[in-house]
Amino acid sequence: MNILWIKDGKTGHEKQVKTLLDELSKTNNISIINEDYLGGLGKFFNWPHLFINFLTLNVIREALDMIDITKHDNRNSKSRKEILNKYDIDMIIGAGHATHSRILYLKKFFNYFKPDHMVKAVSVLSPTFRKTSFDVICAPLHDKNKFKAIDTNVLYFEGSLSKVYDSLPDEKIGFIGVGGKNSHFLFNDQEIYEQIRYVISLYPDKMWYIFNSRRTSAKLNDLIRNIEYTNCIFVKTDSMDTSYDEIIEKASLKFVTQDSVNMVYESLSSRGETLLFNMDYQKKDKVVKQIHDLLINKNVGYIDISDLMQGQSKKIIKSMKIIKQPNQVLFSEVEKLAFKLDKILHNG
């Protein structure tokens with residue numbers, strides 16, 4: 001199966017597509033062409049056993065940038081004919097708004113020049129236009145309201161697509177995932193820092209790996225970097241010293257800020273407990289509802305914070321308590337989605 005993957009350069013989008021393709025590769029022999037789609041020009045590379053030279057790249061770009069494929073058929077060109085004969089694309093896939101028009105345009109190109117080998121267009125995450133033009137849309141459940149009940153080209157999954165780890169966790173390892181400023185939850189640097197200190201002090205026998213994100217403020221980064229406990233390691237997003245995926249897989253306890261939806265579902269897709277930091281929401285949108293549903297259904301634990309009155313001064317102090325995760329169900333959304341998509345790809 002030859003797959004053309006259109007990339008938009010956003011880590012969160014590309015990671016979910018890669019996770020899905022990795023899962024599909026378990027049951028299919030897959031070759032992938034990557035196109036980094038930037039400003040309307042693509043760059044093809046990394047197709048195993050095939051070498052694409054500069055001249056070929058220019059011919060491809062010339063063909064794909066035509067406004068109307070059907071009115072400009074130069075299939076007699078030797079270079080063009082070579083391209084059309086060599087590349088049987090079975091599926092074009094991508095995630096993110098920037099990829100949608102490109103996916104549909106390339107589908108039109110390949111299907112026009114090779115009508116005997118029809119290409120399927122697949123969008124991971126919900127496209128913002130021409131939804132019925134995609135053969136398959138892999139959409140998160142919280143976007144269900146964007147589709148009609150009669151839309152048969154939509155496959156739903158919960159949360160985000162994350163690699164599934166079914167190995168037993170290491171009781172000596174803990175994971176802390178920290179987001180930052182966002183439009184869904186109030187992110188108070190000092191309060192998150194105090195909760196991090198509480199968790200680390202509560203479990204002194206664990207080595208805690210703290211991962212930040214691109215949204216984490218400089219203030220919170222500094223607070224974490226200078227934390228007084230020795231049983232923790234701060235791993236910044238641009239660091240290659242410690243594997244994020246390896247720690248997610250091994251950690252027996254995982255604490256994540258509620259704004260970090262991908263981190264939450266990555267934690268739930270591996271063994272060990274997943275718990276949420278205490279945070280207030282800004283507005284009741286679909287992301288907040290999604291996280292609250294996890295809490296209501298007891299699929300995650302959390303840090304409970306209450307106010308206590310201290311002595312005659314009646315000074316208010318914060319009391320923290322860990323509420324354990326009651327339902328430790330391993331999430332395997334990508335496995336279920338890949339199974340459904342595989343059936344569609346093979347059954348036409």
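One is the number of the first residue; the rest follow in order along the sequence.
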Test: [X] and [Y] ion pair at under 4.0 Å:
| X | Y | result |
| --- | --- | --- |
| D222 | K219 | no |
| K286 | D143 | yes |
| D293 | K289 | yes |
| E266 | K15 | yes |
| K324 | E273 | yes |
| D166 | R271 | yes |
| D88 | K114 | yes |

Atom pair CG (L155) and OG (S123), whose distance is rounded to the nearest 0.5 Å |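 Here the interatomic distance stands at 11.5 Å.
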
Under the side chain to side chain contact (heavy atoms under 4.5 Å, CB included) criterion, do Y198 and E194 qualify, and how do the steps go?
-> CA-CA 6 Å; Y198 170 71; E194 293 298 336; over 6 Å; no

If the plane angle is over 60° it's perpendicular, under 30° parallel, otherwise tilted; pick one for H292 and F185.
-> perpendicular

Taking the inter-plane angle between the rings of H100 and F134 on a 0 to 90° scale, is it parallel (under 30°), tilted (30 to 60°) or perpendicular (over 60°)?
->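 Perpendicular, since the angle between the ring planes exceeds 60°.
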
F175 ring center within less than 6.0 Å of F211 ring center | yes

